[in-house]
2 protein chains.
Amino acid sequence: MKSDRSAGKVTLADVGRVANVSAITVSRALRKPEMVSPKLRQRIEEIVEQLGYVPDPVARALASDRTDVIGVLIPSVTNSVFADVLRGIYAGVEGSPFSVQFGNTRYSVLEEERLLRVFLSQRPAGLIVSGIDQSETSRALLMQARCPVVQIMEMGPAPVDMMVGFSHFDAAYDATRHLIAGGYQRIAFLGARMDPRTQRRLEGYTQAVKEAGLFDEGLIITTPRASTVGLGCQLLSDLMARTQKIDAIFCNNDDLALGVLFECQRRRIAVPDEIGLCGFNDLEMMAVANPPITSVRTFRQEMGRRAVEMVLARIAGKDVPQPVVDLRYELMPRLSTRGQERLRRGA
Amino acid sequence: MKSDRSAGKVTLADVGRVANVSAITVSRALRKPEMVSPKLRQRIEEIVEQLGYVPDPVARALASDRTDVIGVLIPSVTNSVFADVLRGIYAGVEGSPFSVQFGNTRYSVLEEERLLRVFLSQRPAGLIVSGIDQSETSRALLMQARCPVVQIMEMGPAPVDMMVGFSHFDAAYDATRHLIAGGYQRIAFLGARMDPRTQRRLEGYTQAVKEAGLFDEGLIITTPRASTVGLGCQLLSDLMARTQKIDAIFCNNDDLALGVLFECQRRRIAVPDEIGLCGFNDLEMMAVANPPITSVRTFRQEMGRRAVEMVLARIAGKDVPQPVVDLRYELMPRLSTRGQERLRRGA
DNA sequence: TTGACAAATGACAGCGCTAACATTTGTATG
DNA sequence: CATACAAATGTTAGCGCTGTCATTTGTCAA
């Protein structure tokens, strides 16, 4: 007795009946066309069209023990950095039969672990996870995963499988060196959220200022709060309340840098003449701010796209020649860090 | 012969075997606990824990003809407006057994239709779609959908099912009225992307300036390009090249407004004394910009949260007393639109 | 104690599809 | 024309779960 729940639903068997072939042949005509004779294949395609048959991915998943879903775990949906990564991921699956399922870990290692279990129970075709700081359990789960895995955002010594990212330490180190080379001596660091990547940027900054003999713990201000433009304003105020002797600020991201710029404008502190300013990520607005703000460009969309490419290549059984890709970064020097230079020139 | 593909996978039957009950009883203990005696239920829960049983959503979906997935169709992942909506949606499903599947329509009605078919073939528990401008076919698909449907972002006369949004026309109308009330006479409109919601904001602006006898087509600049801060700079330049007689600018969103502010700073045009500036959406940065920028606050997270709440209520069989929710908006007057006022006071 | 009825549990079938193996058909070769 | 072998198609048996109906167990009134 056929229940009515699937009212109107056309199945492979229905198509087969009309075409006078078995369901499996229809399945093959659609999934592995080269296994079916061209003539029959065409006839089946017509009938599929005519009956409006739509394959049922759920049944397919159960029978074949796999899905066409690539799972993506990211810590935040609002952060524009991850929004860019997502865009790259979308661009990557575009045109392929694969779809994307996101999970928001909210910067929690435990939530990541939970989501990982959920995702793995759904037989993903591939997994893309953020960062390299998974819990031991998560790492184990990923190692056991019977699908390609890509870690994105960072570089690290022991990839679970594949990896696309860049060194936040190096990026921050270079940015700080740029400030030092520009003649700045009292370089503050403003950090929000303090997730692992921010931490490593702080380490890069620290190493650079220490090497130059410019380290001063009093110049570092961090907060676990999520970074916003308003927070940038406030952190600058905190910093000014603590010490006036600052000649540059390295912000752990562009939101903070923008807030610092606004607050400087309000306090009539000239950027870059009195204070140099450097952000991180090079959001679109940095180049058009007034003054344009120096930042470290990171290749966020590219990261997403590459990660998907690697997953797809592996699914297709291709060999991935470079399973660990360092996308690097690019320092974008702009007016906001030319203060000392201008002073010297007497500008 | 059991194939090895499900190596290590624990099934309901496995749990049942250990508990000396049938698989269906285990299923009930987990899904409908009130149907199983408390004692047995607890024993089963222990064994589930011990064996590490994880329910298989795919098998469940096939057997029960339904999933715990709420499908969400939005036009963009990078636009921070939608990122906020997503955050609200996430907050809404938090703690429920439901998960979210996104589809990115990229502002294309055809892509929306395609994704809708894909989603519907997966038996969603609910659907959330953006806007009210679906194609005829999409509308028909949505009407036939055997799950709750919520349209978000806008208000419209004929909801497919449920609806949460606000009137973009009214919001823009009120913002423009605010500028007019502030004494501005030559009010320009800057619009990017020109999706249906932007169009309606333009209509609201147009109606307000027409009513006040201040309409001038030459003051309207639009572009199909996606809005960015840099685009705001450029549109201001275009506007200034066309006419110098402007005393206020209503930007169709905050990115543009920020760009306009930067460009004004560069051109030494005082905001608000020479030009009043109003944005749309009230992104966090507007309040802390220099000067703070007047904007229209929209309740984006709230919109996502409410949409999910409505879907969940309907799934739970509850009656949704208010299937159409107008979330309104709030004008946030700030310094950037107090130019005429200051002039009069001689500031 | 018995019967009536509710509560608790089970047996069975099937969701729509595909893996694995089986069979038929076509084609070239000696 | 028989043989060998590849190409094309079919049969069978599930995947892991839940809907439906059947059965067993427990509870209480008469």
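In what follows, chains are A, B, ... by sequence order, proteins preceding strands, each numbered from 1.
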Margin query: I'd like to know whether B/Ser138 forms a side-chain hydrogen bond (donor to acceptor under 3.5 Å, both in side chains) with B/Glu112, so could you lay out the CA-CA distance, the side-chain angles of the two residues, the decisive distance to 0.1 Å, and finally the verdict.
Written below: CA-CA 8 Å; B/Ser138 293; B/Glu112 181 175 59; 4.5 Å; no
Next item on the list: Return the value, rounded to whole Å, for the distance between atom CZ of A/Arg43 and atom C1' of D/dA8.
Entry: 13 Å
Next item on the list: Please list, by residue number, the residues of residues 45-52 of chain B whose heavy atoms come closer than 4.0 Å to an atom of DNA chain C; answer none if no residue qualifies.
Entry: none
Note to self: In whole Å, I'd like the distance from the CZ atom of A/Arg66 to the C1' atom of C/dC17.
What the structure shows: 12 Å
Next item on the list: Decide yes or no for B/Arg305 and B/Glu302: does some side-chain heavy atom of the first lie under 4.5 Å from some side-chain heavy atom of the second?
Entry: yes
Check: Which whole-number value in Å describes the distance from B/Asp56 CG to D/dG16 C1'?
Finding: 6 Å
Next item on the list: State, yes or no, whether a side-chain contact exists between B/Glu34 and B/Val36 at a heavy-atom distance under 4.5 Å.
Entry: no
Notebook entry, point to check: Looking just at side-chain N and O atoms, do B/Glu46 and B/Gln50 make a donor-acceptor pair shorter than 3.5 Å?
Noted result: no
Notebook entry, point to check: Taking OP1 and OP2 of D/dG16, is either one under 4.0 Å from a side-chain nitrogen or oxygen of B/Thr11?
Noted result: no
Notebook entry, point to check: Does A/Pro33 offer a backbone N or O that forms a donor-acceptor pair with the side chain of A/Arg41 under 3.5 Å?
Noted result: yes
Item checked: Nearest heavy-atom neighbours spanning B/Ile128 and B/Ala307 -> CD1-CB, 3.9 Å
Margin query: Can you give me the bend angle of the helix from C/dT1-D/dA30 to C/dG30-D/dC1? Use the axis through the first five pairs and the one through the last five, nearest 10 degrees.
Written below: 40°
Note to self: In terms of relative ring orientation, are B/Tyr107 and B/Phe82 parallel, tilted or perpendicular, with 30° and 60° separating the classes?
What the structure shows: perpendicular
Margin query: In the structure I gave you, are the side-chain heavy atoms of B/Val69 and B/Ser99 within less than 4.5 Å of one another anywhere?
Written below: yes
Item checked: Atom pair distance, as rounded to whole Å: CZ in A/Arg41 and P in D/dA8 -> 9 Å
Margin query: Let's see if you can work this out: which of C/dG16, D/dG16, D/dT18 has an atom nearest to the side-chain heavy atoms of A/Lys9?
Written below: C/dG16
Margin query: I'd like to know if the side chain of A/Ser22 pairs up with that of A/Thr25 as donor and acceptor (distance under 3.5 Å, no hydrogens or angles considered).
Written below: yes
Next item on the list: Calculate the interatomic distance between A/Lys39 atom NZ and D/dT9 atom C1'; express it in whole Å.
Entry: 14 Å
Item checked: Length of the CG-C1' vector between B/Leu62 and C/dC15, whole Å -> 4 Å
Next item on the list: Send over the distance from A/Leu12 CG to D/dG14 P, rounded to a whole Å.
Entry: 20 Å
Note to self: What is the separation between atom NZ on B/Lys32 and atom C1' on D/dT20, rounded to the nearest whole Å?
What the structure shows: 11 Å
Margin query: Does C/dG16 have OP1 or OP2 under 4.0 Å away from a side-chain N or O of A/Arg60?
Written below: no
Between protein and nucleic acid, restricted to nucleotides 7-9 of chain C and to nitrogen or oxygen atoms under 3.5 Å apart, what atom pairs and distances do you find?
{"unit_1": "C/dT9", "atom_1": "OP1", "unit_2": "B/Ser37", "atom_2": "OG", "d": "3.3"}
{"unit_1": "C/dT9", "atom_1": "OP2", "unit_2": "B/Ser37", "atom_2": "N", "d": "2.9"}

Checklist line | Electrostatic pair A/Arg106:B/Glu94 at N-O distance under 4.0 angstrom | finding: yes
Next item on the list: Answer yes when B/Arg197 and B/Asp133 have at least one side-chain N-carboxylate O distance shorter than 4.0 Å, and no when they do not.
Entry: no
